[in-house]
Number of protein chains: 2
Amino acid sequence: MQMVLWIMTTGSDGGHRRATIRDVARRAGVTPSTVSRILNNRELAFPIAEHTRKRVIEAVKELGYRPNRLARSLAMSKTHVIGMYFPITEPSGQLEHREVTWLSFGAMVSGVQHITQMRGYEVHIFNRVEHDYGHPNAPKDICPDFIDGLIYVEPNQHYDFYTELVAAGVPLVTMGPSPVHPAGFSVSPDDCQDFYVLTKALIAKGHHRIACFICHPNDPPLETLLRRQGYRTALDEAEIPYDPALMPTERLGQTPTKALVERLFDLWPRPTAMIIGRPEVAHYFIECLHERGLVCPRDLELIVIGDDPIFPYLSPSLTALRYPYVRAGEEAARLVLDIVEGKVKDPVKVVIPWQYNERESCQLGESFIKYLVQDSTPELRKEVAIKIS
Amino acid sequence: MQMVLWIMTTGSDGGHRRATIRDVARRAGVTPSTVSRILNNRELAFPIAEHTRKRVIEAVKELGYRPNRLARSLAMSKTHVIGMYFPITEPSGQLEHREVTWLSFGAMVSGVQHITQMRGYEVHIFNRVEHDYGHPNAPKDICPDFIDGLIYVEPNQHYDFYTELVAAGVPLVTMGPSPVHPAGFSVSPDDCQDFYVLTKALIAKGHHRIACFICHPNDPPLETLLRRQGYRTALDEAEIPYDPALMPTERLGQTPTKALVERLFDLWPRPTAMIIGRPEVAHYFIECLHERGLVCPRDLELIVIGDDPIFPYLSPSLTALRYPYVRAGEEAARLVLDIVEGKVKDPVKVVIPWQYNERESCQLGESFIKYLVQDSTPELRKEVAIKIS
DNA sequence: CTGAAAGCGCTTACAG
DNA sequence: CTGAAAGCGCTTACAG
């Protein structure tokens, strides 16, 4: 009511309501049906007469008519909007961690937009609300009326609404480090496999003491469990005994992060390689390096999961794996639109490889890239999924 | 059609259509009107009888009924959705620049969500399409049917759809470095004023050669023009002659950025202070510093507009102004919702101050903070707006 | 070739 | 206290 009033008083046409299809029909001397048919370019048994078409088009222009999308969507059960459910509002956690989330989110949306835009869709973002006890909102809060399909990102394994959403009949693509659903559509890295391959590559270079630092302010997301699993599997295969001290599981925020990192540097024998699970903590490793007079890659190899534009300019410049969020967003959008438009029926899993950006701090060589992309063992992943669930 | 089919074949209820208000009415032995009234908690002349209410509530539960928001929005001319128009798809530009865009976008959305969520709204993102000749889409592509209000960010002064959007009757809040519209609602920094104050503070510290580096791959956005204006106004006031060499206007990407930065360092007399307009180029300044054996703040003071989590850890650690994008998003959401809900009539301009994070590279002291926040001269800004338009 | 009618799923004066 | 009817602005079989 409020809004209508507002429009009436401030609209350009000085208080006139927006033209409807009936106004156009009246002006063109036809019926709304005809206007609708002309505007929608339906293929008909009989074509529309040229002169009526002209009259209608003219009336549309004169009135500045644009069909009401709400009405149209209701009549057609089709909105031309894609939904995204994404945990952008991470309540706990320091600024630096949230900045990483914002960055990846922005990049994903950028990719999604790129595709939806070309195919005539828009994007609707659902609020992800953390309710009491840290539980986010249930799928009943994800109202599907406004969307044709949904891109669903939920890193926390405890909050898995996948099944319920599918049951509600929403065409669904899972994105990023979401729970493993053998039956569904998804776009994601293969975290377990990637860490497996990475660890293997480090072992192949002669490293036996490989630290793996992936800590979180809260419960670790599934992503992290998969990564740790990949790391351990590689150790097991090489028959290197697993040393828990090399893979801390403390919560960030309790012990200061710097202290946790120092602890790794002060282990004896000192690790000769370190996997840094989050780009925003990389600077602690560099500090420790400098404080101890260690040199990369001579004394130690450092590789970061997640790249940052500044990494090439640090000393040492940091080798990193970069996840192409934009591309991931594009793939997810493509997939969900293909489902929506009926172009695809059977579940598809798009696995997006990380990009390897080699710099001073760690040198696995070009061969590693191929390794990362090609040496895919889906069996391993399935096995891990079972172990975890 | 496709989607409907999909729902029918995969829905949890094995092919049954979703319950409507009529189903509920039938089951409760009442009429749809009654169901609607109960669900919407309207205040009525006569209250609803307790037993009918109970029967209806029960029927709703049994059928798992949820009102169709499309229908409801159509009937009520109210969607409970806020739109955002934002240039996230910056087509030209290198990765590093786009990453900054993604970050600020993610942060803004996070802030917007925080508020919309609490007030029962969702967010709809409009595609910003760059058409031929680099022109983005006109407001006719920003279809207001799905939204109650719009948050509008358009940094490019050439593409100003503000007036048209207002004319179309969309409650509108302009955000960030948008064109100056004296009549409208807006949330933004005061770029001109901030640069004026910053330059003044540097002058007060004795600097006379102050470089100001704000270059862009494309045409400079209004934001930049305002900043440059603020910078020059401060110089003028102090009667320091303006030296164009101190404020390059080349386009990024033509000359390599590093070369542009080097040129500043090699001026004679060398600048004693430098304002770095974009965080993603700060590392070039550090390189130049090291290459020439200069020390901050002894030989040179460096201040970056836009902070980065890594800045405290670089050497020298970089002093920066940080724009609180999350808060800006929150304010914009609050404002647009207040308009939508009729709580506010007359235009409001929210000016959000930058946050001053002092570190090694530049030390203006705490007094500068107050300066930044309080020494607001709206007249100056207006004047500049006129000069520019 | 086009019109009259019913429908999408809700809300809301207006009766009673 | 609740129902019957009209309406929001579109689309789409069904007639003719």
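Just so it is clear, the model here is predicted, and its values are computed rather than measured. Just so we're on the same page: letters track the sequence lines, and every chain starts at 1.
T79(A) pairs by the side chain to side chain contact (heavy atoms under 4.5 Å, CB included) definition with S73(A), V81(A), D148(A), L70(B), F146(B), not counting sequence neighbours. Considering only residues two or more places apart in sequence or on other chains, E62(B) meets the side chain to side chain contact (heavy atoms under 4.5 Å, CB included) condition with R27(B), E58(B). With sequence neighbours excluded, the residues satisfying side chain to side chain contact (heavy atoms under 4.5 Å, CB included) with I38(B) are T34(B), I48(B), R53(B), V56(B), I57(B). Here R119(B) pairs with I115(B), Y121(B), R334(B), L337(B), D338(B), E341(B), K343(B) under the side chain to side chain contact (heavy atoms under 4.5 Å, CB included) rule; sequence neighbours left out.
Per the geometry, CD1 belonging to I38(A) stands 15 Å off P belonging to dT12(D), to the nearest Å. Protein atom NE2 of H51(B) is 10 Å distant from nucleotide atom C1' of dT2(D), rounded to whole Å. One atom, CZ of R37(A), and another, P of dC1(C), lie 13 Å apart when rounded to the nearest Å. As rounded to whole Å, 14 Å separates atom P of dC1(C) from atom NZ of K54(A).
Looking at heavy-atom distances under 4.0 Å, T34(B) makes contact with sugar-phosphate atoms alone, never a base. Contacts of T52(A) with the nucleic acid, taken as non-hydrogen atoms under 4.0 Å apart, involve only primed sugar atoms and P, OP1 or OP2.
We find that E50(A) and R55(A) are not joined by a salt bridge, their nearest charged nitrogen and carboxylate oxygen being 4.0 Å or further apart.
Taking a pair as Watson-Crick or G-U wobble with both distances under 3.5 Å, the runs of three or more consecutive pairs in DNA chain D are C:1-3 with D:14-16, C:5-12 with D:5-12, C:14-16 with D:1-3.
A side-chain donor-acceptor contact under 3.5 Å links T116(B) to the backbone of V112(B). Here the side chain of H80(A) pairs a donor or acceptor atom with the backbone of G120(A) at under 3.5 angstrom.
Counting heavy atoms from C-beta outward, L172(B) and F185(B) have side chains that stay 4.5 Å or more apart.
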Using the 3.5 Å cut-off, write out each protein N or O paired with an N or O of nucleotides 8-10 of chain D and the distance between them.
unit_1  : atom_1 : unit_2 : atom_2 : d
dG9(D)  : N2     : A71(A) : O      : 3.4
dC10(D) : OP1    : Y65(A) : OH     : 2.9
dC10(D) : OP1    : N68(A) : N      : 2.8
dC10(D) : OP2    : I21(A) : N      : 2.5
dC10(D) : O5'    : Y65(A) : OH     : 3.2

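In this model, the phosphate group of dA5(C) is not approached by any side-chain N or O of S33(A) to a distance below 4.0 Å at OP1 or OP2.
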